[in-house]
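Report on one structure; see the data block that follows.
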Amino acid sequence: MIGGGPGGLYFACLAKQLDPAREITVWERNPPGDTYGFGVVFSDETLGGIEHADPVIHERMAESFARWDDIDVHYGGTVVTSGGHGFAAMSRRHLLRILRERAGELGVDVRFDAPAPPVANLRRDYDLVVAADGMNSTARRSDDASFGATYENRRCRYIWFGTDKVFDAFTFDVRSTPAGVMQVHAYPYDATGSTLIVEMTEDVWQKAGFAASPAVVAPETLVPGDSDDYAIERCEELFGDLLGCDTSTGRRYRLIGNHSRWINFTTLRCERWHDGNLVLLGDAAHTAHFSIGSGTKLAMEDALALVACLAESPDLPSALTAYQAERQPVVVSTQRAAQASLEWFENLRQYVGQPPLRFAFNLLTRSRRVTYENLQIRDPEFVAAVDDWFAVSVGQPRRPPMFHPITLRGMTVANRVLVSAMDMYSSTDGHPGDFHLVHLGSKALGGAGLVMTEMVCVSPSGRITPGCTGLWTDEQRDGWARITSFVHEQSPAKIGIQLGHSGRKGSTKLMWEGIDDPLPDGNWPVVGPSALPYRPVNQIPRALTVDDMTDIRRQFVSAAQRAADAGFDLLELHCAHGYLLSSYLSPLTNRRDDDYGGSLRNRLRYPVEVFDAIRAVWPADRPCSVRISATDWAPGGVEVKDAVEIARTFAEHGVDAVDVSTGQVVSHERPAFGRSYQVPYADAIRNALAASHPHVAVIAVGAISSYDDVNSLLLAGRADLCALGRTHLFDPQWTLHAAADQGYLMPWPKPFAAGSRRPQTGRTDGPKPRLDLIRDPLAGVTLHGRWRPSQDAMPTPPRVNIGSAG
Ligand SMILES: Cc1cc2nc3c(=O)[nH]c(=O)nc-3n(C[C@H](O)[C@H](O)[C@H](O)COP(=O)(O)OP(=O)(O)OC[C@H]3O[C@@H](n4cnc5c(N)ncnc54)[C@H](O)[C@@H]3O)c2cc1C
Ligand SMILES: Cc1cc2nc3c(=O)[nH]c(=O)nc-3n(C[C@H](O)[C@H](O)[C@H](O)COP(=O)(O)O)c2cc1C
C-alpha cells in the first residue's frame with residue numbers, strides 16, 4: 001500500500017482479515033496523527049457496508065459518531081431547516097487512529113514517516129501494489145497516460161477549517177458581502193468541534209482581499225501544519241455571527257487551521273484504474289467535490305470492493321478488472337452529481353434573489369440526487385411548506401407543482417408539461433395527414449398542457465427531409481386546422497406550432513434512413529448564412545444575400561398568418577439545432593462580414609428581424625416562444641453566457657417563453673449527455689431574466705423523464721415548464737399517468753375514464769416475515785422484519801462480511 005489514508009488503511013485491515021497469511025506493508029510518508037482536514041461524513045448506506053465488512057471497526061467508529069438529521073440553510077436573514085437527512089460524522093484524525101490501531105492488531109506492517117520506495121521497485125517486489133496515495137498520487141502520475149487520467153480545475157476558491165463551535169445541523173450559510181456572494185458549509189464531527197469550509201468565486205476572493213494575503217503560499221512551499229492565518233482572521237470576521245459564542249462563558253468560537261489554505265478543486269477522472277499489478281484506490285483514482293461530501297466514503301467503499309474482488313476472482317487480472325467494473329460506474333455517477341453540485345455553487349449568485357424556501361429547496365436538490373419525492377419522504381413538512389409557498393406565488397390551491405396552470409399572454413395552459421416538438425418525417429409534400437392527427441391528437445388526450453407540432457417548414461426548400469410538414473399552402477393550413485380543432489374540441493390541451501427553415505441541414509434522408517445524410521437523388525440546393533457545409537458529405541450551402549433573407553422572412557410571415565388562421569394557440573420560432581436561424585446565431589456557422597455576422601448583436605439581427613415580423617402578424621393575445629441551442633458543445637461556439645444574451649434580446653422583443661435546448665449545430669460537438677443534462681442552461685437563463693423579465697417563461701427540455709424531476713425543477717425555480725419528447729413517444733398518456741401515480745385528481749377524457757386507475761397486478765398473500773435480524777448465511781445480509789426487496793431493487797449489497805464469516 002502506498003499511502004496510509006482512510007482508503008489505504010481500510011483496505012489493509014480488510015485484506016489481512018480475509019487472509020491472515022498475506023503480507024501487507026503500508027508506507028505512509030507522514031507521522032501518525034499528522035493529517036489535514038477535520039471531520040468526515042458518512043451516509044447511513046456507507047455505514048451499513050462498513051458495519052457488515054468489519055463490525056470491530058464500525059463499533060469503534062460508532063462510539064464517536066456525531067449524528068444528526070437536519071440541514072439548516074442560513075440565507076437572506078432567515079434559517080430554513082429541513083430534516084430527515086441522516087448523517088454521521090467523526091473526526092478524521094480519530095478515524096485514522098482507529099484504522100491504524102486495527103491494522104496493528106491484525107499484523108499489518110504500517111510504516112509511518114516512510115515515503116514509499118519507487119513504484120517500479122514495489123511492482124517488481126510485490127504481487128500487488130495499491131496506490132492509495134491521494135489526489136497527487138506519484139504512483140499514478142508516474143504513468144498518467146496508462147490510466148487515462150484527466151484533471152479539471154474548477155473556478156471557486158475554498159478553504160477547510162475546523163471550529164470549536166459544535167453546529168447542531170449540517171449548515172449552509174450563503175451571504176452577500178460587499179465583495180460578493182460567499183458560502184459556508186459546516187458540520188459537526190464530534191463533541192468538540194465542526195468542519196467549516198468557506199468557498200467563493202475567484203473574483204469575490206480577489207475583491208475580498210484574500211489574494212493579497214501574505215499567508216497565501218504556493219503548494220510546493222507548504223510545510224505540514226502551515227495554515228493561512230490571514231484567511232482565518234478574515235473569515236472569523238466575516239462569519240463571526242454564524243460562529244457566535246459560548247453562552248455560558250461568553251467566549252467567541254474560533255476557526256482553527258490544519259494545513260488550511262485556499263485551493264481550487266480539481267476533478268480527477270481515470271479511464272483505467274489498474275495497470276499490471278498496480279491498482280488505484282480512493283482519491284488516487286478519482287475526486288468528487290466536497291459539497292456532496294464523499295471523498296473518504298468513496299475511498300473506503302473502493303477498499304471494500306477491491307478486497308471482495310480479490311477474494312472472489314480466480315486471479316489478479318480478473319480481480320482488478322472486476323474491481324474497476326464494479327466501482328467505476330458508481331464513481332462516475334457520484335462525480336456527475338458532484339459536478340452538478342459544484343457548478344451550482346459556482347453559479348450561486350444567480351439564485352440570490354430567490355425567496356428563502358425556494359432557495360433552500362433549490363440548494364437541497366442541486367445535485368439532482370435528492371428530489372421532490374426524496375424530500376417528501378425525508379421531511380414532508382418541509383416539502384409541504386415549499387409547495388404552499390409555490391401555490392401562493394401562483395395564486396392556486398396546493399397540488400403537485402407540475403399541475404399548476406400557467407398563463408402566457410391570453411393562453412392558460414392547464415399544467416406545466418409540454419410534448420416537445422418532434423419531427424415525424426411522415427408527411428407527403430408538406431401535408432399534415434392522418435398520422436399527424438393521431439399522433440398529436442393522442443398526445444393532447446394524454447394530458448400534457450401544451451402539445452407542440454414538429455418543426456413545420458416555411459417553404460419546400462426549407463424542409464429537412466421530403467417527409468417534413470410545411471405551411472406554405474392553404475391546403476396545408478386546412479390540414480393543420482383539422483388537428484387544432486380536434487385538440488380543442490376533445491381535450492383541454494393547447495397546441496403550439498414550431499416554425500422553421502432547415503438552412504444548411506436541409507435536403508437529407510428521413511431519420512430512419514440516415515439522419516443528416518444527403519438524399520440519394522432529388523436533392524435541392526441548401527442555404528445558410530455562410531458557405532460552410534454541416535459535414536463534408538453535405539452540400540455546401542449558398543450564402544444568403546440580404547434579398548434572399550427578405551424572401552425567407554416573408555415566408556415565415558405567411559406561415560405565421562396561416563398558423564393563426566389554423567387556430568394554433570402558440571407560435572414557436574425554431575432558432576435551435578443548427579437550422580437556418582440557429583446557424584445565424586452561432587459563430588461557428590456564421591462567418592458573414594456584413595451587419596448579420598461578427599458580434600453576437602449582429603448574429604442576432606436576422607433571427608430577431610424574423611421574430612419581429614412574425615410577432616407583428618401573430619394575434620396580440622397569443623404567445624410566441626423561441627427555441628434556442630444554449631450551447632454548441634464545441635470550442636468557439638455559443639456558450640451559456642451568449643445564450644443568456646440571446647434570451648434577453650428575444651425577451652426585449654416580446655417573446656413570452658424561451659425553450660432551452662442545446663447543440664446539433666456543428667457535427668464535431670461533444671455533448672455531455674445525462675439525466676436532465678440541458679436543465680442548467682434553462683436554469684441560468686431563467687435566473688438571469690428573473691429580475692428584468694419575470695413574465696418570460698423558461699421551458700426546460702432534455703432527458704427529463706420522471707414527474708419527480710419535473711416537480712423538482714419547477715419548485716427549485718430552474719424552469720417554468722418542462723418539455724418531454726421521447727418520453728411521450730413511450731407513453732402518450734404520460735401526464736395522466738403521472739397524475740394517477742401522485743394521487744392527483746386530473747380530469748380524464750370521458751371516454752377513457754374507465755381506465756383512469758392503474759390496472760391491478762398480481763397479489764401476494766403469503767405471511768410477511770415477522771422476526772427481526774435473520775441472518776442470510778450466503779449474502780451476509782441482515783433482514784429487518786420486512787420483505788426483502790427483489791435483487792433489482794436492492795442497493796449495492798454488502799460485499800465483505802468478515803464478522804459473520806468468522
Ligand atoms: C486539504 C484537504 C482537507 C480535507 N479535509 C477533509 C475533511 O475534513 N473531511 C473529509 O471528509 N474529507 C476531507 N478531504 C478529502 C479527503 O481527505 C479525501 O477524499 C480522502 O481522504 C481520500 O482518502 P484516500 O485514502 O484516498 O487519500 P488520502 O486521505 O489523501 O491519503 C493519501 C495518503 O497517502 C500518503 N502519501 C502520499 N504519497 C505518498 C508516498 N509517496 N509515500 C507514502 N505515503 C504517501 C499521504 O500522506 C496520505 O496520508 C480533504 C482534502 C484536502 C485536500
Ligand atoms: C424523433 C425526434 C424528432 C425531433 N424533432 C424535433 C423538431 O422537429 N424540432 C425540435 O425543436 N426538436 C426536435 N426534437 C428534439 C426534441 O424536441 C427534444 O428537445 C429532445 O428529444 C430532447 O428531449 P427528450 O429527452 O425529452 O426526448 C426531436 C426529437 C426526436 C426524438
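Predicted, not measured: the structure shown is a model, and the values here were computed from it. Order of appearance sets the numbers: ligands from 1, and atoms from 1 within every ligand.
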Exercise. What do you think, any protein heavy atom under 4.0 angstrom from atom 13 (C) of ligand 2?
Worked result: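 Yes; the ligand atom in question has protein heavy-atom contact below 4.0 Å.
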Does ligand 1 come near enough to [X] that some N or O of the ligand is less than 3.5 Å from an N or O of the residue?
X    : value
G7   : yes
V40  : no
V41  : no
E28  : yes
D283 : yes

For this session: Measure across W262 and A231 and return the closest heavy-atom pair with its distance rounded to 0.1 Å.
Result: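 In this case the closest contact between W262 and A231 is NE1-CB, 3.5 Å.
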For this session: Can you see which heavy atom on C270 is nearest to which on Q328, and at what distance?
Result: O-NE2, 3.1 Å
[X] heavy atoms, cut-off 4.0 Å: which ligand 2 atoms fall inside?
X    : value
G702 : 22 (C), 23 (O), 25 (O)
R726 : 24 (P), 25 (O), 26 (O), 27 (O), 31 (C)
V701 : 18 (C), 19 (O), 23 (O)
R627 : 10 (C), 11 (O), 12 (N), 15 (C), 16 (C), 17 (O), 19 (O)
L724 : 26 (O)
A703 : 24 (P), 25 (O), 26 (O)

Seminar exercise, completed: Out of G39, G282, G295, the nearest non-hydrogen contact to atom 10 (C) of ligand 1 is supplied by G39
For this session: Counting heavy atoms only, name the option from W160, F290, F265 that's nearest to atom 12 (N) of ligand 1.
Result: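 Considering heavy atoms of W160, F290, F265, the nearest to atom 12 (N) of ligand 1 sits in W160.
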Exercise. Between F345 and H185, does the ring centroid distance fall short of 6.0 Å?
Worked result: yes
Exercise. Between F42 and F87, does the ring centroid distance fall short of 6.0 Å?
Worked result: no
Exercise. When rounded to the nearest 0.5 angstrom, what distance separates CG in L440 from CZ in F435?
Worked result: 8.5 Å
Exercise. What distance do I263 atom CD1 and R157 atom CZ have between them, rounded to the nearest 0.5 Å?
Worked result: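 Going from the CD1 atom of I263 to the CZ atom of R157 covers 10.0 Å.
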Please state which protein non-hydrogen atom is closest to [atom] and give its distance, to 0.1 Å?
atom                    : answer
atom 52 (C) of ligand 1 : Y36 CE1, 3.4 Å
atom 27 (O) of ligand 1 : G134 CA, 3.8 Å
atom 40 (C) of ligand 1 : I2 CG2, 3.9 Å

For this session: Dump the intermediate steps for ring pair (Phe, Tyr, Trp, His ring centres under 6.0 Å) on H274 and Y323, then the final yes or no.
Result: CA-CA 9 Å; H274 56 96; Y323 160 66; 7.9 Å; no
Exercise. Is the closest side-chain donor-acceptor distance between T266 and N153 under 3.5 Å?
Worked result: yes
For this session: Go through the side-chain N and O atoms of S291 and S341 and say whether any donor and acceptor fall under 3.5 Å apart.
Result: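 The answer is yes; a qualifying pair exists.
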Exercise. How does T296 reach ligand 1, by side chain, by backbone, by both or by neither, if only non-hydrogen atoms under 4.0 Å count?
Worked result: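 Contact part for T296 vs ligand 1: both backbone and side chain.
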Charged N to carboxylate O below 4.0 Å: is that the case for [X] and [Y]?
X    : Y    : value
R327 : E301 : yes
D133 : R140 : no
D709 : R675 : yes

For ligand 2, find out whether one of its N or O atoms is nearer than 3.5 Å to an N or O atom of [X].
X    : result
D423 : yes
E454 : no
I704 : no

Exercise. Are R100 and F112 in a cation-pi contact, defined as NZ or CZ under 6.0 Å from the six-membered ring centre and within 45° of the axis?
Worked result: yes
